[in-house]
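Letters A, B, ... are given to chains in the order of the sequence lines, protein chains preceding strands, and every chain is numbered from 1. In what follows, every heavy atom counts, from backbone to side chain, and hydrogens, waters and symmetry copies are set aside.
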Number of protein chains: 2
Amino acid sequence: MSTVIASDFSTRDRVAATAAPLFAERGFTGVSMRDIAEAVGIKAASLYNHYADKEALYFAALALVFSRRVALVEDALKATGTPRERLKAMVSALVQATAGDPVAARLLQRELLDGDIKRFERLVVDVFGRPFAHMTALLTELAPGGDGAQTAAYLISLIHGYCVFAPIFPALDPALTTDTSVLADNLAEELLGRMERPRP
Amino acid sequence: MSTVIASDFSTRDRVAATAAPLFAERGFTGVSMRDIAEAVGIKAASLYNHYADKEALYFAALALVFSRRVALVEDALKATGTPRERLKAMVSALVQATAGDPVAARLLQRELLDGDIKRFERLVVDVFGRPFAHMTALLTELAPGGDGAQTAAYLISLIHGYCVFAPIFPALDPALTTDTSVLADNLAEELLGRMERPRP
DNA sequence: GCCAGCCTAACTAACGTTCGTTAGTAGGAC
DNA sequence: GTCCTACTAACGAACGTTAGTTAGGCTGGC
C-alpha cells in the first residue's frame, strides 16, 4: 500500500511528537488521551483518526524519540581522527544524547521500569544494537586486552545513572558537577588513562 | 482464633509492606487502592482505617523500604580493616542494596522520575545524606588527591544505572555479566587500581 | 459529491473516596 | 457473672470524577 496523503502525515507525527514529552514526564498511565489532545490542539476523539488506541500512540512516540537519539550517536561514531579523538567524540555524543535529550532519557528509563521486558528487548536490540556494537568495537580497538562490551556497558550505565541522579546531587554536595561537558571530559579522560595503562 | 490478636497493630504495617512491591512494579498511578486491598486480603474501604489517603499510604511504603536500604549500607560502612577491605565492603554493600533489593531500587528510580523534586530532595538529604558523607570520607581518605564526593557520585550512578539496565544487557551481548558480585568486584578493583596510581 | 479529519455526545469501566453499619473486644460499674 | 459503653477494623454500597473508546454528524478541499 502506498502511503496516502501528506496532510495526514503531518498531524499524525505532530501527535506523536507532542505526546512524547508528556509520556516522558508523567508516564503512560499518568497521561490521558484528553491531555494529549489538548496539547495538540484537537479533541480526544480525533486522536483515533490517527492511532488505533493509546498504546499505538505511545509506541509511535517511543519510536520517534529513540530513532532521533540513535541517529545522534551513530553520527558521532562515524567520526574520524586519532583513537583518542574518536573516543572523546563518542563519549560526548553519548552524554549529549542522554543529558541533552531528557525526553529520550526519561522514556528509556520508564520503559526499563514499566515495559514488558520481552517486548522491550526487541526494541533495544533493533534500536540500540548497532550503536552498542560500534562502541564495543572502538573500545576493543583502543584496549585490545580488555573487554570492550563490558566497558561499553559500564559507560552507558554510568552516564545514564548520572543523568538520572543529576537533579538531586547538588542537594548532597553543592560541589558535585551538573555540567554535562565536565562529565563527558572526566569519563573520556578516565577511560583513556585506564587504557594507556593496561591492567594485569 | 489467635490470629485476630496479631492483626491489631500489624495490619497498618502489613499494608505498607504489601503495597511497596506493587508501587515499585507499576508506579503510583498504576496501582489502585483496590489492588492493594486485594493483595492484603481486605477491602479497599478498610485501607482508610489505616491511612488518610493513597498518598499517605505511598509515603509509608517509601519510608519502610528506604529505611531498610539505608540500614544495610550504614552497617557496611561501619566495617573495619585495611582501607582495601573497607572499600570492598562498601562497594559490595552498595551493589547489594541496589541489586539485591529491586523494590527499593525501583521505588528510588520512580521517585527520581515522578517525584516533586523539592520534596524528594528533602527525603534524599535525610535518608541518603549520611551514607553518602561516609562514602565520601572513605574515598577521600583512600585517595587524598582526588575528589571523594565526585567519585562517590560516579560510583552510585554506575551501580544504579547498571542494575537498571541489567535485564536487557544479555540481549545486547550474552557475555555481559549480570552477576552482581562480579560487578562489585570489578568496581572495587577499578577504584583501587585508580587510587594506587594517582593521576596528574 | 466524496471523504478525510475534525467535532459533540455518549458509553462503560475503573478510579479514589465517603458513608452507614456491623462484628468483635476490652474495661468498668453493678 | 453480666450488663453497658467505647472503640477498632472490617464491610457493602454508593458517591462524583475521569479514563479509554465509539458513534454519528458537520465541513472544506479535492
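- With a 4.5 Å cut-off on side-chain heavy atoms, A:Asp173 and B:Phe132 count as touching.
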Write down the protein N/O and nucleotide N/O pairs, taken from nucleotides 20-22 of chain C, whose separation is under 3.5 Å; answer none if there are no such pairs.
none

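- Two residues are said to be in side-chain contact when any heavy atoms from C-beta on lie closer than 4.5 Å; A:Arg34 and A:Lys43 fail this criterion.
- Across the protein-nucleic acid pair, B:Leu57 atom CG and C:dG16 atom P stand 11 Å apart, rounded to whole Å.
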List the steps and the verdict of ring pair (Phe, Tyr, Trp, His ring centres under 6.0 Å) for B:Phe66 and B:Phe128.
CA-CA 9 Å; B:Phe66 285 159; B:Phe128 297 107; 5.7 Å; yes
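- The pair A:Asp101-A:Arg106 does not meet the salt-bridge criterion, since no charged nitrogen lies less than 4.0 angstrom from a carboxylate oxygen.
- Listed pair A:His50 / C:dC6 meets the phosphate criterion, a side-chain N or O lying under 4.0 Å from OP1 or OP2.
- When atom types are taken as modelled, the side chain of A:Lys88 and the backbone of A:Glu189 share no donor-acceptor pair closer than 3.5 angstrom.
- The shortest side-chain heavy-atom distance between B:Asp35 and B:Phe23 does not fall under the 4.5 Å cut-off.
- B:Asp114 is not listed as a side-chain neighbour of B:Phe28, based on a closest heavy-atom distance of 4.5 Å or more.
- Atom CG of A:Asn49 and atom C1' of D:dG20 are 15 Å apart (whole Å).
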Taking it one step at a time, do B:Phe169 and B:Tyr162 satisfy ring pair (Phe, Tyr, Trp, His ring centres under 6.0 Å)?
CA-CA 9 Å; B:Phe169 275 145; B:Tyr162 201 87; 5.0 Å; yes
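- With rounding to whole Å, A:Tyr51 atom OH is found 17 Å from D:dT21 atom C1'.
- Side-chain N/O atoms of A:Ser46 and A:Asn49 include no donor and acceptor closer than 3.5 Å.
- A:Thr80 and A:Arg86 get closest at one heavy-atom pair: C-CG, 3.9 Å.
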Scoring nucleotides 22-30 of chain D by protein non-hydrogen atoms under 4.0 Å (B base, S sugar-phosphate only, - none) yields BB-------
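- Put simply, B:Ser46 has no side-chain N or O that comes within less than 4.0 Å of OP1 or OP2 on D:dA9.
- Between the side chains of A:Thr177 and A:Asp179, no donor-acceptor pair of N or O atoms lies under 3.5 Å.
- Of the residues in residues 21-43 of chain A, those with a non-hydrogen atom less than 4.0 angstrom from any atom of DNA chain C are A:Arg34, A:Ile42, A:Lys43.
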